[in-house]
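A quick write-up on the structure given underneath.
Within every chain, numbering begins at 1; the chains are lettered A, B, ... in the order of the sequence lines, protein sequences first and strands thereafter.
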4 protein chains.
Amino acid sequence: MSKGVNKVILIGHLGADPEVRYAATGNAMTTLNVATNENWLDKQTNQWQTRTEWHRVVMFARLAEVAGQYLRKGSQVYIEGRLQTRKWQDQSGTERYTTEIVANEMQMLGGRGEGAPNMPPDAAQQGNQSYAAPAVSAAPAGYSSGGNNYNYPPSGAPAAPARPATASSPPPSDFDDDIPF
Amino acid sequence: MSKGVNKVILIGHLGADPEVRYAATGNAMTTLNVATNENWLDKQTNQWQTRTEWHRVVMFARLAEVAGQYLRKGSQVYIEGRLQTRKWQDQSGTERYTTEIVANEMQMLGGRGEGAPNMPPDAAQQGNQSYAAPAVSAAPAGYSSGGNNYNYPPSGAPAAPARPATASSPPPSDFDDDIPF
Amino acid sequence: MSKGVNKVILIGHLGADPEVRYAATGNAMTTLNVATNENWLDKQTNQWQTRTEWHRVVMFARLAEVAGQYLRKGSQVYIEGRLQTRKWQDQSGTERYTTEIVANEMQMLGGRGEGAPNMPPDAAQQGNQSYAAPAVSAAPAGYSSGGNNYNYPPSGAPAAPARPATASSPPPSDFDDDIPF
Amino acid sequence: MSKGVNKVILIGHLGADPEVRYAATGNAMTTLNVATNENWLDKQTNQWQTRTEWHRVVMFARLAEVAGQYLRKGSQVYIEGRLQTRKWQDQSGTERYTTEIVANEMQMLGGRGEGAPNMPPDAAQQGNQSYAAPAVSAAPAGYSSGGNNYNYPPSGAPAAPARPATASSPPPSDFDDDIPF
DNA sequence: TTTT
DNA sequence: TTTT
């Protein structure tokens with residue numbers, strides 16, 4: 001049944017430039033690392049602290065292309081999407097899980113001037129691929145859209161933790177274009 | 001500073017009864033497994049399919065107690081909260097990440113009559129522990145509220161996958177009450 | 001440009017059966033009256049009070065038809081949409097304003113069994129008529145989609161308050177099908 | 001019952017400087033006029049058009065003070081709140097309705113540098129006055145918080161339309177501090 | 001790894 | 001009345 005709501009809304013800044021990949025079909029997939037900050041009062045010290053949460057955001061098709069074109073490290077963005085947890089196997093064969101936000105809407109915020117061209121008016125929203133699949137699929141070919149496990153990182157890739165503890169452990173970056181994503 | 005929005009909204013059904021734990025201080029923490037369903041049209045077969053996404057929801061203090069008291073497997077709920085990814089170590093010492101929704105609001109939906117008493121009027125919302133910490137902390141003692149890594153499951157526990165592949169692999173359930181959560 | 005977010009999320013109950021109208025083109029428009037309740041603590045008396053807010057929700061095309069078919073007075077619904085204020089003239093020629101939620105998603109909640117058939121899987125979401133207009137327009141013919149003032153109630157109709165004080169003052173109901181909505 | 005969700009999320013720009021008022025008790029109330037823009041494709045001309053929607057946002061207490069201090073005409077803001085329609089009487093004694101967003105969270109977006117000092121970390125969120133009233137009430141004294149009709153504009157004031165057609169018909173601005181708001 |  |  002269509003009973004269910006799964007919605008995420010983020011406003012944050014990119015910790016790095018977008019990563020854009022292309023499937024053999026030409027479909028784009030972009031991943032963003034988005035930081036959301038919040039402040040909380042430490043009752044012990046009575047001081048304000050900042051907590052940063054990092055989010056892995058993925059987007060497809062036209063939205064992916066626009067993100068790759070207009071966003072940069074430091075850009076402030078509004079993201080709307082849904083939560084999705086997918087299973088993958090690390091190099092030791094262990095099943096691991098990564099939770100991502102699959103974006104269906106994006107807005108570039110602030111950042112007036114600073115050299116970046118403006119996003120085109122038709123770029124802000126993805127036809128929601130969940131409920132009513134758009135004419136041009138938002139998911140790349142080779143992506144088994146019916147399940148949670150569109151299999152990236154591919155087998156044989158180095159372990160790619162969902163949230164790397166340090167910069168030395170980068171997000172998945174060695175995808176094979178022939179085995180898309 | 002306080003620039004940032006990190007918001008999740010879910011409507012779904014519980015896949016199991018809530019799990020309630022108590023810290024040594026008496027503070028409650030409840031975890032829910034919430035399924036959100038959506039339908040998508042398989043273009044190949046031209047048939048409607050259902051995709052289920054499972055979400056791990058955690059809540060503290062009064063909200064946790066109310067959830068434990070009024071929700072049951074199958075209950076339909078509205079959840080509002082924020083995304084949080086925490087790091088933990090599995091039994092092999094490998095760092096793993098689990099993404100959860102930390103709820104600050106909950107509404108029990110539908111289910112009129114059916115034996116379950118109604119939730120009390122003051123139960124619906126948690127003082128948001130992120131921005132303005134409530135007088136009675138929403139986070140249990142023993143929970144290092146300043147970071148992302150409030151450390152459960154504890155070291156030494158069996159691996160608890162973020163999203164079990166089957167029912168045979170339950171969510172973390174063998175926490176030690178003396179080392180809360 | 002496409003900088004802007006205008007989003008409303010409601011969960012409430014219908015105060016009356018949906019009102020469905022059809023444009024000359026056959027396009028449907030449905031209006032719902034949705035009550036959202038919240039509780040607040042009266043500090044004077046230290047007692048919990050209930051506050052009810054009424055919302056006028058409008059929807060078009062397929063979503064409008066589904067709402068008319070499956071919702072009834074008392075139904076619990078999830079609504080997602082955008083705010084829109086339109087101008088109209090009452091019988092004295094005075095300009096008046098009505099704020100509505102233009103729905104693009106709807107979920108029927110709870111109400112298991114009770115005689116009502118389930119909503120079809122493709123009914124939950126409207127192609128968002130704002131950003132990327134759907135193939136079948138979500139707006140009825142005769143509706144000047146570019147502005148805020150699609151002119152109902154029509155001139156000459158009795159005054160129709162945005163939010164009637166009592167049930168004796170119903171929402172606009174005497175629309176002329178030839179001058180749609 | 002606590003069954004109900006009434007949530008609005010806006011990102012837009014201020015059409016004018018905030019209007020700040022103070023009750024006799026010293027409590028602040030600020031109103032914002034926020035424009036949200038969206039683009040839609042005119043099928044007739046195959047051209048992109050912009051539609052602007054104006055929103056009346058009200059906020060109280062600390063949030064009201066911060067808005068008055070840091071926001072200006074043109075500022076980009078994120079607003080989260082609830083819809084509220086209140087009844088008032090125009091000078092002819094006719095009942096009129098105005099729908100507002102009562103904000104409980106606000107974020108200033110973009111606008112780096114440009115002379116404006118930053119918002120303090122504790123300013124972003126209002127204790128939600130609906131569900132669990134904060135220690136310092138978010139509603140000004142003199143405001144009958146139990147109903148929808150906190151009576152401004154006061155009787156005897158010139159008519160103040162919810163959404164003035166032109167700038168010559170300003171938002172309510174002649175409140176009497178002794179009859180707060 | 002972001003931002004203020 | 002905003003913004004891009």
Length of the [atom1]-[atom2] vector between [X] and [N], whole Å:
X: D:Tyr78; N: E:dT3; atom1: OH; atom2: P; answer: 21 Å
X: D:Trp48; N: F:dT3; atom1: CH2; atom2: P; answer: 22 Å
X: A:Lys73; N: E:dT2; atom1: NZ; atom2: C1'; answer: 8 Å
X: D:Ile11; N: F:dT2; atom1: CD1; atom2: P; answer: 20 Å
X: A:Glu38; N: E:dT3; atom1: CD; atom2: C1'; answer: 14 Å
X: A:Gln76; N: E:dT2; atom1: CD; atom2: P; answer: 15 Å
X: D:His13; N: F:dT2; atom1: NE2; atom2: C1'; answer: 7 Å
X: D:Asp17; N: F:dT1; atom1: CG; atom2: P; answer: 14 Å

Taking side-chain contact (heavy atoms from CB on, under 4.5 Å) as the test, write out the residues that go with D:Ala35, two or more places apart.
D:Thr52, D:Trp54

What pairs with D:Gln47 under side-chain contact (heavy atoms from CB on, under 4.5 Å), at least two apart in sequence or on another chain?
D:Thr45, D:Gln49

Which of these nucleotides, F:dT1, F:dT2, E:dT1, is closest to any side-chain atom of A:Trp54?
E:dT1

For D:Glu53, is there an ion pair with D:Arg51 - N to carboxylate O distance below 4.0 angstrom?
no

Hey, does the side-chain of A:Asn37 have a donor or acceptor N/O within less than 3.5 Å of a partner on the base of E:dT2?
yes

Are A:Val8 and B:Lys7 close enough that some pair of their side-chain heavy atoms sits under 4.5 Å apart?
no

